[in-house]
Number of protein chains: 2
Amino acid sequence: MPTNETALNLVDGLFQVSFLLQERLSRIAAAHDLSIVQVRLLAILRDREPGMLELARHLGLKKSSLSGLVDRAAARGLVERLPSPADGRAAHIRSTPEGRKLSRIIERRVGKELAPLLETLSPTERDHFLGALGQVLSAAGKRK
Amino acid sequence: MPTNETALNLVDGLFQVSFLLQERLSRIAAAHDLSIVQVRLLAILRDREPGMLELARHLGLKKSSLSGLVDRAAARGLVERLPSPADGRAAHIRSTPEGRKLSRIIERRVGKELAPLLETLSPTERDHFLGALGQVLSAAGKRK
DNA sequence: TATTGTTATACTCTATAACTATA
DNA sequence: TATAGTTATAGAGTATAACAATA
């Protein structure tokens, strides 16, 4: 069954690439004293000011886990808590200029490190690759 | 520059898929009271009996980090330490039958959960996808 | 009562530095 | 001296459960 064979190898290859990306990102983040989850936090806050619950959902965390995460980011001046005008219980989280700057630095650095890994692919191959990734995300409901 | 555009989207798409995989794996592992790193540990031990340093290198960890990791896995009866006959300082780590069984269960479960995400791709698309992943790994030096 | 968020507590994971035992 | 591994210690990240304040 060659089809199943490919499917199996695909799962394997996907995880190998996934771990590769996580390692690279982790190393780059660590060079700026950040963890992967802090990088994700800053990335989300680049175009949003969500509440704690919404942020927890985006990151797949419990709200209590997020409290500490935001505490540590806030202590470093990367994010700040804003009281919600509409709801006295709620807080909105906003990244500071320094937080956004750091996020951009990380993003650029990651792009620069990963570019060589993609340059061996022809433009056509890249298009197909991107298409396949899109289909996977779509099938997972991560894209409309 | 459409080529750079695709490259940028590719990095983005790769990370989206990567986080998707990590979340799925994490959830499946957690259902068996395992972390991702414990799953990786058991996977490595499926066909090897490495020493602590070699294991640390495979996992990208410091040897001291590995001590605790192996401690916890051993306490659950998933792995065991064997004295090295050749070197009195060294230990070899071996997975127990239960550890190997658990590793197979996780692997099957992951395959079953991810299969639907790949079924939307045609056999040809899968081949191309697998080829692209292989090229990325190759460029990263993760493959000969 | 229900919801938003924090706090208390406990555990895993990781690192650095110091240590033990063997080579 | 050098190497394989453990231990001590510290901090991040996560979860559950209990709590406070507001809706």
Side-chain angles (χ1 to χ4, degrees), chain A residues 19 22-23 25-44 49-76 78-94 102, chain B residues 19 22-23 25-45 48-76 78-94 102:
Chain A
F19 284 121
Q22 300 287 325
E23 277 165 25
L25 178 56
S26 176
R27 189 162 36 72
I28 293 169
H32 297 271
D33 273 305
L34 289 174
S35 64
I36 288 183
V37 70
Q38 294 279 358
V39 169
R40 292 181 69 195
L41 171 65
L42 293 180
I44 291 171
E49 295 186 5
M52 293 292 281
L53 285 178
E54 192 186 346
L55 208 39
R57 190 173 48 73
H58 273 294
L59 292 168
L61 298 176
K62 297 298 174 186
K63 58 185 179 174
S64 58
S65 303
L66 203 63
S67 283
L69 201 70
V70 169
D71 281 347
R72 292 184 290 273
R76 285 185 54 183
L78 303 177
V79 309
E80 53 192 356
R81 285 177 168 91
L82 306 172
S84 167
D87 188 332
R89 299 166 300 179
H92 289 267
I93 313 303
R94 176 200 287 169
L102 193 46
Chain B
F19 284 121
Q22 300 287 324
E23 277 166 24
L25 178 56
S26 177
R27 188 162 37 73
I28 293 168
H32 297 271
D33 274 304
L34 290 174
S35 64
I36 287 184
V37 70
Q38 294 280 359
V39 169
R40 292 180 69 193
L41 172 66
L42 293 179
I44 291 171
L45 296 179
R48 264 167 294 192
E49 294 185 6
M52 293 293 280
L53 284 179
E54 193 186 345
L55 208 39
R57 190 173 48 72
H58 274 295
L59 292 168
L61 299 176
K62 298 298 173 186
K63 57 185 180 176
S64 59
S65 303
L66 203 62
S67 284
L69 200 69
V70 169
D71 281 347
R72 291 184 291 272
R76 285 185 54 183
L78 302 177
V79 309
E80 53 192 356
R81 285 176 167 90
L82 305 172
S84 168
D87 189 333
R89 299 167 300 179
H92 289 267
I93 312 304
R94 175 200 287 169
L102 194 47

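Letters A, B, ... mirror the listed sequences (proteins, then strands); counts begin at 1.
- Expressed to the nearest 0.5 Å, how far CD1 of A:I36 lies from CG of A:L59 amounts to 12.5 Å.
- Between A:A29 and A:V39, the shortest heavy-atom contact is CB-CG2, 3.6 Å.
- As rounded to whole Å, 14 Å separates atom P of D:dA15 from atom CG of B:D33.
- The closest side-chain heavy-atom distance from B:Q38 to B:R76 is not below 4.5 Å.
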Check: protein-nucleotides 14-18 of chain C nitrogen or oxygen pairs below 3.5 Å:
{"unit_1": "C:dA15", "atom_1": "OP2", "unit_2": "B:K62", "atom_2": "N", "d": "3.0"}
{"unit_1": "C:dA15", "atom_1": "OP2", "unit_2": "B:S65", "atom_2": "OG", "d": "2.8"}
{"unit_1": "C:dA15", "atom_1": "N7", "unit_2": "B:S65", "atom_2": "OG", "d": "3.4"}
{"unit_1": "C:dT16", "atom_1": "O4", "unit_2": "B:S64", "atom_2": "OG", "d": "2.7"}

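- Listed by first and then second residue, the side-chain hydrogen bond (donor to acceptor under 3.5 Å, both in side chains) pairs involving residues 56-71 of chain B are B:R48-B:H58, B:D71-B:R81 (not counting sequence neighbours).
- Counting to the nearest Å, the C1' atom of C:dT3 and the CZ atom of A:R57 are 16 Å from each other.
- In this structure, CD of A:Q38 is placed 13 Å from C1' of D:dG11, rounded to the nearest angstrom.
- Straight-line distance from the CD1 atom of B:I36 to the P atom of D:dG13: 15 Å, rounded to whole Å.
- Across its full length, the helix from C:dT1-D:dA23 to C:dA23-D:dT1 shows an angle of 10° between the axes of its 5 terminal pairs at either end, rounded to 10 degrees.
- Nearest heavy atom pair, residue B:E49 against residue B:H92, reads O-ND1, 2.9 Å.
- Atom C1' of nucleotide D:dG5 and atom CG of B:D71 are separated by 11 Å, given to the nearest angstrom.
- Going from atom CG of A:L59 over to atom C1' of D:dT14 covers 12 Å, rounded to whole Å.
- Picking from C:dC13, D:dT6, C:dT6 the nucleotide with the shortest atom distance to the side chain of A:S67 gives C:dT6.
- Rounded to an integer number of Å, the gap from CE of B:M52 to C1' of D:dT7 is 12 Å.
- The line from CG of A:L78 to CG of A:L41 is 8.5 Å long, rounded to the nearest 0.5 Å.
- Closest-nucleotide positions on DNA chain D for A:G88 and A:S35 were compared, and the one nearer the 5' end corresponds to A:S35.
- Phosphate contact (OP1/OP2 of C:dT6, side-chain N/O of A:R89, threshold under 4.0 Å): absent.
- One atom, CG of A:L55, and another, P of C:dG5, lie 10 Å apart when rounded to the nearest Å.
- Here the side chains of B:I93 and B:L66 are not in contact, with every heavy-atom distance at 4.5 Å or above.
- Here the shortest heavy-atom pairing between B:V79 and B:V70 reads CG2-O, 3.9 Å.
- Looking at B:L61 and B:L55, their side chains never come closer than 4.5 Å, going by heavy atoms from C-beta outward.
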